[in-house]
Protein chains: 2
Amino acid sequence: MFIILHYCCTIVCAKQFCPTFMKVAKKSTIKTIAAHVGVSVTTVSRVMTGQATDYRISKGTEIAIRGAAEKLDYAPNQLARGLRNRQTYTIGLVIPDIANPFFSSIAKVVEMEARKAGYSIILCDSQESTNIEIDALRLLQTRNVDGLIISSVGQDGKHLERLAQQGIPMVVVDRSFPNLKCPSVSSDNYQGALDAVSYLIENGHRMIACIQGLRHTSPNEDRVRGYRDAHQRHHLAVNESLIVGDSFGENNGYIETKILLKRANRPTAIFAVSNLISLGVLRAVAEEGLKIRDDVSVISFDDQPYSNYLATPMTTVAQQNYEIGKIACKLLFEQIRFKKPPDAKSFVVPTKLIVRQSVKKIGPISFDESLRN
Amino acid sequence: MFIILHYCCTIVCAKQFCPTFMKVAKKSTIKTIAAHVGVSVTTVSRVMTGQATDYRISKGTEIAIRGAAEKLDYAPNQLARGLRNRQTYTIGLVIPDIANPFFSSIAKVVEMEARKAGYSIILCDSQESTNIEIDALRLLQTRNVDGLIISSVGQDGKHLERLAQQGIPMVVVDRSFPNLKCPSVSSDNYQGALDAVSYLIENGHRMIACIQGLRHTSPNEDRVRGYRDAHQRHHLAVNESLIVGDSFGENNGYIETKILLKRANRPTAIFAVSNLISLGVLRAVAEEGLKIRDDVSVISFDDQPYSNYLATPMTTVAQQNYEIGKIACKLLFEQIRFKKPPDAKSFVVPTKLIVRQSVKKIGPISFDESLRN
DNA sequence: ATGAAAGCGCTAACAG
DNA sequence: CTGTTAGCGCTTTCAT
């Protein structure tokens, strides 16, 4: 990290704090308004919740109340409403890393959709830690969220099952747990990986490394399975020593690439299972003074805005983050609004291989090879 | 947008919903526990809030209560506590675009720091819209947040001033408003721009375009001011027609670059005032079949992980996002915890010019030019 | 060492 | 057409 940790601090203005001037207008409540207008709190409540006509409240009192509310800058206390109504109009969003563009773009749609539907979102970044995630889930429960969208780092869905039992609506994104009775939405990770690795194979690559992410998570396992199956379909044996790594983070990509590049028979291609991993690949390859494509071909999961403008524009497997977020919201709100019981439907949205220039075509497949296995 | 909007849906498992099995354990409360143990709710409350010794509650009842709490999986209802205590341990985070890496990295630190301090964060993405922002702020008030961290899109701080009046602790990030009595923290935008543009000038550039972001926002104005002053310091006149654009988004960078590149006397360099803008520059330049550096030099505000691996590694002005977020939290929690009145200290954290290869050195400055102005 | 009761702000059943 | 009252789950006087 190049960044210097000092910071300077300029005092632009430091007027003295003056308690006498600090007229902190106390927040008005239905009680305040009731007193002002000379009606009961019930009536105020009815007007404010739009039930004026239902209860045939006289036009006069209604506008009096609305006027007072306006004047007193009234806004209903959502805490009190939530407590009373057992519905808070908040949903929890639990993701492993908000700084990862994949998740931040999902957060973006989720926030937008939630807002449209009148919900606020409580954001929890689990930092890829199961413990933090578990704490976050407990917390969200105590905050009475109406629902949950979660990309769990847990390897089994145990703690999620407990939650589901409690009957709190939830949907899992970018993961799926076979035993969990709740809808999930994620990319077609298997197919995406299959496409990518097949493409490498069809371009003549035989020594293809796979730098994987956090093991036992569905996206990782599915992608690795795609990697394997691509080999199988092309009648190639999988070289297990080429499947390396254990985290979706950049460092994993960096370290594993460094090691791979030092090998006696260096792989001709790398399949990076996430955007951050390929970032690490980029760093390692540059550090070794090598060039992507000429020296190693690379395909990465996750398309990025920058992918197209890299020294070697990167061939990637694009996910439809936007759609994933949208579907997740839809599934969640269905459960919340219609009190629909969760079913374990698994939505899988297709990926797309975006071919750019990071894969070198290696001479025609030798006769010998074409018969192998 | 290349993405196909269809999605397929695979039903992995769809066990029938069974209300009888669905034992939705009702949440336990202090009342439940009190009943279980045979004490009053008061005592339970005291134990659960750690005031057992203060009230000299007998060891026996205490462990009985703790045991019951454990067994019944009790967790205090934060809504009720918030209502009663007038403190919710939530803070609002309002930012213009959570998908922008700059803001998502700030969100990351804020979330982490908040969690450490026992706070949850409610995320609001204002989508660069003042109206959404205003709504979000009202909403957060009704949710009784204990504090606010906001990167306001508003051009004056009017709606923020109203809020500050209400006495809700807040700190502004990446913006500053002269009249707003609350601390702010942002980069030294002026100096960063000054450095960047000076560097361009010192490399011989005289036709330097500035693609700016949202006008009348402090980071934009400060950066443009830096652009101007860099010229002035080098005794160069500013060509007003070279200051273009009006948004921090990618499209703005794209469009303005397209136009700039078509000009009769095309600028030799572009100073892009944000990461997204330079992304647009990248796209436009590529589309025109030109090369960054050879055909146009570029410096962008905001360093990115990918900046170093671009076709032409980009010279950037790096901000210390991490520090900005941390300082913001510190300032906020100071106000919240110590009921410290807000002072309008403005924290400005330095930027760093990261020189890479996107700036071409243009022949020595001519004698004629060195005397100009 | 422990409880009863009031109240945070709101809504809804019940009662006119 | 409007009001009284109880209660959501919790904390906190004030009693004992």
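Every chain is numbered from 1 and lettered A, B, ... according to where its sequence line falls, protein lines coming before strand lines.
Distances shorter than 4.0 Å separate none of the side-chain N or O atoms of A/S40 from OP1 or OP2 on D/dT2.
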- Could you walk me through whether B/L148 and B/I168 pass side-chain contact (heavy atoms from CB on, under 4.5 Å), step by step? CA-CA 8 Å; B/L148 222 44; B/I168 145 154; 4.3 Å; yes

- Message: Test side-chain contact (heavy atoms from CB on, under 4.5 Å) on A/V172 and A/C182; report intermediate values, then the result.
- Response: CA-CA 7 Å; A/V172 172; A/C182 98; 3.7 Å; yes

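With a 6.0 Å radius and a threshold of 12 heavy atoms from other residues, nucleotides or ligands, B/H159 has its NE2 atom above the threshold.
Between B/Q87 atom CD and D/dT11 atom C1' there is a gap of 13 Å when expressed in whole angstrom units. If you take CZ of B/R86 and P of D/dT11, they are 15 Å apart, rounded to a whole angstrom. As rounded to whole Å, 8 Å separates atom C1' of D/dT2 from atom CD1 of A/I57. Protein atom CD1 of B/I33 is 12 Å distant from nucleotide atom C1' of D/dC10, rounded to whole Å.
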- Note on the structure: Counting primed atoms, P, OP1 and OP2 as sugar-phosphate and everything else as base, the B/S/- map of nucleotides 10-16 of chain C against protein heavy atoms under 4.0 Å is BBBBB--

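A donor and an acceptor atom, one from each side chain of A/S184 and A/S346, are located under 3.5 Å apart. A side-chain donor from one of A/T29 and A/T32 sits under 3.5 Å from a side-chain acceptor of the other.
In this structure, A/G60 reaches neither bases nor backbone, as no heavy-atom distance under 4.0 Å exists between it and the strands shown. Looking at heavy-atom distances under 4.0 Å, B/L83 makes contact with a base.
Taking A/V37 as the reference, A/I33, A/V39, A/A64, A/I65, A/A68 meet the side chain to side chain contact (heavy atoms under 4.5 Å, CB included) condition, with sequence neighbours excluded.
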